[in-house]
There are 2 protein chains.
Amino acid sequence: MYANEFDATMQLIRGKWKIRILYELNSDQHTRFNALQRNLNPITHKILSEQIQQMINDGLVNRHDFHEQPLHIEYNLTTKGESLIPVVDAICDWGLANIDQSELKQTLCE
Amino acid sequence: MYANEFDATMQLIRGKWKIRILYELNSDQHTRFNALQRNLNPITHKILSEQIQQMINDGLVNRHDFHEQPLHIEYNLTTKGESLIPVVDAICDWGLANIDQSELKQTLCE
DNA sequence: CTGTATCCTGATAGATACTG
DNA sequence: CAGTATCTATCAGGATACAG
């Protein structure tokens, strides 16, 4: 149960790393756990695991198990997850337009 | 210093009540502290004070002191604050389109 | 009417180690 | 390679009381 539609949306993207994950999966639809962790350095193993799990529960991410040994699992965005990209882009665009660049450690978009 | 442009924007709107405040000030550009607290019930006095203060520091809200006795202070959105409205609307729209209505206690937009 | 100070609690994130 | 369990640190939000 969410307070309102804004809160509901925010819950899904609030996590410190979720947008990064969203963008990673958007640019490569066959991403494995370790690849994510490498690209999102310095994210912790446990945190990445938690955030992905939440995104799966929220229906944003899909988990595909190849049932191979050694384990081979790929993550990709669901349609719902993809539909979130334009919204996130809008947030980024506003940030680029209104926040002084010197205040940013790095940029995601553009 | 923000991690990136997304984080920077999120910092400004992340607070539990900031969007509500944003919408309140957007619908009435001459809002006083007490009016805000009434409309945002059950927000705490202290929390409202903190959130407004942060929004002033972030350049989203303007504080106009009429120097009257008893105290008379009005808050309104700055241009920067107003420019945030479309972004917030986009987030709400996505929520309305993708979250089951039965999961929402109330709705802000529409 | 508007604002601040104290204290408390719950959620989030991170360090580290362990399992199949 | 992928995932879980513990323990700890930090912070946002809130109850309450006090102040100009």
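Residue numbers begin at 1 in each chain, while the letters A, B, ... track the order of the sequences.
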All side chain to side chain donor-acceptor pair (under 3.5 Å) counterparts of [X], not counting sequence neighbours:
{"X": "A:E103", "value": "none"}
{"X": "A:D65", "value": "none"}
{"X": "B:D89", "value": "B:Y23"}

For [X], side-chain contact (heavy atoms from CB on, under 4.5 Å) partners two or more places apart:
{"X": "A:Q37", "answer": "A:F33, A:N34, A:I43, A:H45, A:L48"}
{"X": "B:N41", "answer": "none"}
{"X": "B:L71", "answer": "B:Q69, B:I73"}

If you look only at distance, which donor and acceptor atoms sit under 3.5 Å apart when one is on a side chain in residues 53-60 of chain B and the other is two or more places apart or in another chain?
unit_1	atom_1	unit_2	atom_2	d
B:Q54	OE1	B:K18	NZ	2.8
B:N57	ND2	B:Q53	O	3.4

Strictly below 4.0 Å, heavy-atom distances to any atom of DNA chain D: list the hits from residues 18-32 of chain A, or just say none.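 Hits under 4.0 Å, by residue number: A:R32.
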Counting only heavy atoms and a strict 4.0 angstrom limit, can you tell me which residues of residues 55-62 of chain B come near DNA chain C?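 When residues 55-62 of chain B is checked for heavy atoms under 4.0 Å from DNA chain C, there are no hits whatsoever.
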Walk along DNA chain D from 5' to 3' and tell me the first and last nucleotide with an atom closer than 4.0 Å to a non-hydrogen atom of chain A.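 Range of nucleotides within reach of chain A: D:dC1 to D:dT6.
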Taking atom types as modelled, find out whether A:H30 and A:E74 have a side-chain donor-acceptor pair closer than 3.5 angstrom.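 Note: A:H30 and A:E74 side chains meet the donor-acceptor criterion.
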Between B:Q106 and A:N4, do the side chains contain a donor N or O and an acceptor N or O under 3.5 Å apart?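 There is no such pair (donor and acceptor under 3.5 Å, judged by atom type) between the side chains of A:N4 and B:Q106.
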Can you build the contact string for nucleotides 13-20 of chain C? Use B for base contact, S for sugar-phosphate-only contact, and - for no protein heavy atom under 4.0 Å. SBBB---B
A:N98 side-chain N/O to A:W94 backbone N/O, donor-acceptor pair under 3.5 Å: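 Checked: pair present.
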Sequence neighbours excluded, every pair satisfying salt bridge (Lys or Arg N to Asp or Glu O under 4.0 Å) that has a member inside residues 32-47 of chain B: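 Counting only pairs at least two positions apart or across chains, the salt bridge (Lys or Arg N to Asp or Glu O under 4.0 Å) contacts touching residues 32-47 of chain B are B:K46-B:E50.
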Mind running side-chain contact (heavy atoms from CB on, under 4.5 Å) on A:Y75 and A:N62 for me, showing each step along the way? CA-CA 6 Å; A:Y75 297 95; A:N62 199 46; over 6 Å; no
Mind checking A:Y75 for me? I need base, sugar-phosphate or nothing, with any heavy atom below 4.0 Å counting as a touch.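 It contacts sugar-phosphate atoms only.
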